[in-house]
Amino acid sequence: MSPADNHRSPRKDLRNLAIIAHVDHGKTTLVDGLFRFTGAVESHRQVADRALDSNDLERERGITIVAKNTAIDFEGVHIQLVDTPGHADFGGEVERVLGMVDGVLLLVDAVEGVMPQTRFVLSKALERGLGPILIVNKIDRPEQRAEAVVDEVFDLLVELGANDTQLDFPVIYCSAKSGVAGTSPNGPMHDMRPLLDAVLENAPPPVVDGQASLQFQAVTLGYDEFLGRLVIGRVERGCMKRGSTVVRIGENGVAEPFRITKLFGTRGLDRVELETGQAGDIVILAGVDTIVIGDTICDPGHPAPLPRIAIDPPTIRVRFSVNTSPFAGLDGRFLTSRQIGERLAREALSNVSIRIEETESPEIFEVAGRGELQIAVLIETLRREGYEFSVSRPEIIPREVDGKLCEPVEDVFVEVPEGFSGVVVEKLSARRGRVVSMEPRTDRMNIHFVVPSRSLFGYRSEFLTDTRGEGILHHAVCGYEPHAGPLTGRPVGAIVASETGKTTPYALFNIQERATLFVQSGVPIYEGQVVGESRRAGDMNVNVSRQKKLTNIRAAGRDEATVVTPPRQITIESALEWIEDDELLEVTPKALRLRKRVLQANLRKR
């Protein structure tokens, strides 16, 4: 034992835990139940469902995008909880926040069981030596299969290389929606006490040195319109005091002094002002504009930086560019390359898994991320803030491994009715995927594939069509493999507007039998805009603003009703999957449009 470890001791009054769960397994609802049971939120205060899903995008999509921390008090112990994103695309958040905790609550649905995003976050926790407490949620559902789910979790832990201590995990059964938990799936359940008792008994307290000089690492950044930039992290050792002078050590190793003006902790949904933050506490600093994620805050007399936070590299990239369409500037407030570039730079500052690089043109920015969902969330965030821009088709970021060109590959987990398993295997095999396992479950089939990331661009909509909307598909990057060779492009072509104007029912009616439309009648369009999907390969230029010729002769069949079928709604994800290299997605606060890079038809032919 080194001399520095002599003063290290466990803080019995504190527990730091991360909550791990797949999308929609009830993680945020569980936190709501803990708030209510422990009185972390006053009884007279109305608590919205899924209180931790604080931004609009999280509520609409039903997923956690940004890691958030909260705290509750139970029997004299301060339990600090970190809500981690469940999706692998937001893995940059996960990898950072796991450094602040000493254990994890693994939440699994009593019906669905282990799902792929559970696997991703759990593997990161096991690598750090964190022990899980298993919570089997939704135990009140009549089709629950709790015992089988516990066995699945054990098998998954063995597969991920868990040690004997991690495999000896406690199990709690609960219904987060009803706010009850118990130690047996069939026993009586009254409140959340059994879960909190299991936390106090099994979650290790942080072992810290409160006498040493200060060490604190910036793990997450936030923003408050009154306080400015917020820095969240854990006090690794020593004590942080409001009003004291400390130094920030960045990547260059230079110590920059500043004064701590505001210091906060959390209780329930609120930030609570603190005078001191002890070793082991997760605290929030306000008003430090120069700090970035990974920086260490130390005592001026003992500057000792902590190791920088390691983040898995991005796997796909897109190009953001200034909107050059004829409709540019009609909706947005921020249009110029300077405004777009500054906003992307701010995003890269708080989100370390996103990388921004300049290109040969000052009006184009290359944005690299962990997956299509992460890029789509960034695009949606910017458009809601009033930005207007164009986005190119995603492409993979290859890497050289042992002298070979390699590309990212993904674990793809498919759950389909048995009758559709054949077509799914056939389609993914054609996309260079390989089957790892097939497991029947009642009348459905669970299939695990390994597929190159680029093969999945555009596959989700095809998958939903093939399975008639009954299939479930999840995927997460699992590593790099040698390049699989060329792939066939999009099997269908685009219907491209040949004139600028407004779409008419007469023009759309005549092409809808040969195409799936993206626009309805009476909508302004411009030359070069993609207005539909052709049933055949190859693009087709069509005048969709053509008017019906008026004559003074009446004939049978001349006045038949023109009924236009409703168009397919374009979303950011579906558009990124659909477009080819010669096309762009035009994003404005009020509209999403698909377009050709070169708008004039005669120039496209050249």
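Residue numbers start at 1 and run along the sequence shown.
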What are the two closest heavy atoms between [X] and [Y], and how far apart are they?
| X | Y | result |
| --- | --- | --- |
| P305 | C298 | N-SG, 4.4 Å |
| V235 | Q278 | CB-O, 3.4 Å |
| I397 | A368 | CD1-CB, 3.7 Å |
| S213 | H302 | OG-CB, 3.4 Å |
| V450 | E481 | CG1-OE2, 4.0 Å |
| Q217 | G294 | NE2-O, 3.1 Å |

Can you tell me how far [atom2] of [Y] sits from [atom1] of [X], rounded to the nearest 0.5 angstrom?
| X | Y | atom1 | atom2 | answer |
| --- | --- | --- | --- | --- |
| I260 | M240 | CD1 | CE | 4.5 Å |
| T29 | L34 | OG1 | CG | 11.0 Å |
| Q215 | I297 | CD | CD1 | 11.5 Å |
| S392 | I364 | OG | CD1 | 8.5 Å |
| D155 | L167 | CG | CG | 10.0 Å |
| L106 | L17 | CG | CG | 12.5 Å |

Is it true that [X] and [Y] make a salt bridge, defined as a side-chain N closer than 4.0 Å to a carboxylate O?
| X | Y | value |
| --- | --- | --- |
| R248 | D295 | yes |
| R346 | E342 | no |
| R11 | D13 | yes |

In the structure I gave you, are the side-chain heavy atoms of [X] and [Y] within less than 4.5 Å of one another anywhere?
| X | Y | value |
| --- | --- | --- |
| V219 | I232 | no |
| D197 | T183 | no |
| L263 | L285 | yes |
| I316 | E372 | yes |
| L14 | P205 | no |
| D109 | V149 | no |
| V451 | E410 | no |
| V77 | R15 | yes |

Exercise for the section: Output, in order, the C-alpha distance, side-chain angles, deciding distance and verdict of side chain to side chain contact (heavy atoms under 4.5 Å, CB included) for I572 and V391. Expected result: CA-CA 10 Å; I572 294 171; V391 184; over 6 Å; no

Problem - CA sep, side-chain torsions, deciding dist, call: F169, V153, side chain to side chain contact (heavy atoms under 4.5 Å, CB included) - result: CA-CA 10 Å; F169 53 86; V153 171; 4.2 Å; yes

Exercise for the section: Take L122 and L126 through the side chain to side chain contact (heavy atoms under 4.5 Å, CB included) test and state the conclusion after the steps. Expected result: CA-CA 6 Å; L122 186 58; L126 294 177; 4.3 Å; yes

Please check if the side chain of [X] supplies one atom and the backbone of [Y] the other of a donor-acceptor pair under 3.5 Å.
| X | Y | value |
| --- | --- | --- |
| D281 | V283 | no |
| Q166 | L130 | yes |
| T315 | R370 | yes |
| N16 | G280 | yes |
| S453 | P408 | yes |

Exercise for the section: Using the six-membered ring wherever Trp is involved, compare the ring planes of H448 and F413 and label them parallel, tilted or perpendicular (cut-offs 30° and 60°). Expected result: parallel

Problem - Parallel, tilted or perpendicular: ring planes of F320 versus F389, cut at 30 and 60 degrees - result: parallel

Handout entry: Of L105, V150, L107, I172, the residue whose pairing with L134 passes side chain to side chain contact (heavy atoms under 4.5 Å, CB included)
Key = V150

Exercise for the section: Sort out for me which residue in R128, Q80, R234 forms a side chain to side chain donor-acceptor pair (under 3.5 Å) with D102. Expected result: R234

Exercise for the section: Check whether more than 12 heavy atoms from other residues, nucleotides or ligands sit under 6.0 Å from atom CD of E273, and answer yes or no. Expected result: yes

Practice task
Report, as yes or no, whether the 6.0 Å neighbourhood of atom CD on E385 holds more than 12 heavy atoms from other residues, nucleotides or ligands.
Solution key: yes

Problem - side chain to side chain contact (heavy atoms under 4.5 Å, CB included) assessment of T266 paired with I282 - result: CA-CA 8 Å; T266 51; I282 296 173; over 6 Å; no

Problem - Criterion salt bridge (Lys or Arg N to Asp or Glu O under 4.0 Å) against R319, the qualifying member of E366, E358, E395 - result: E366

Handout entry: Y387 and F334 aromatic centres sub-6.0 Å
Key = yes

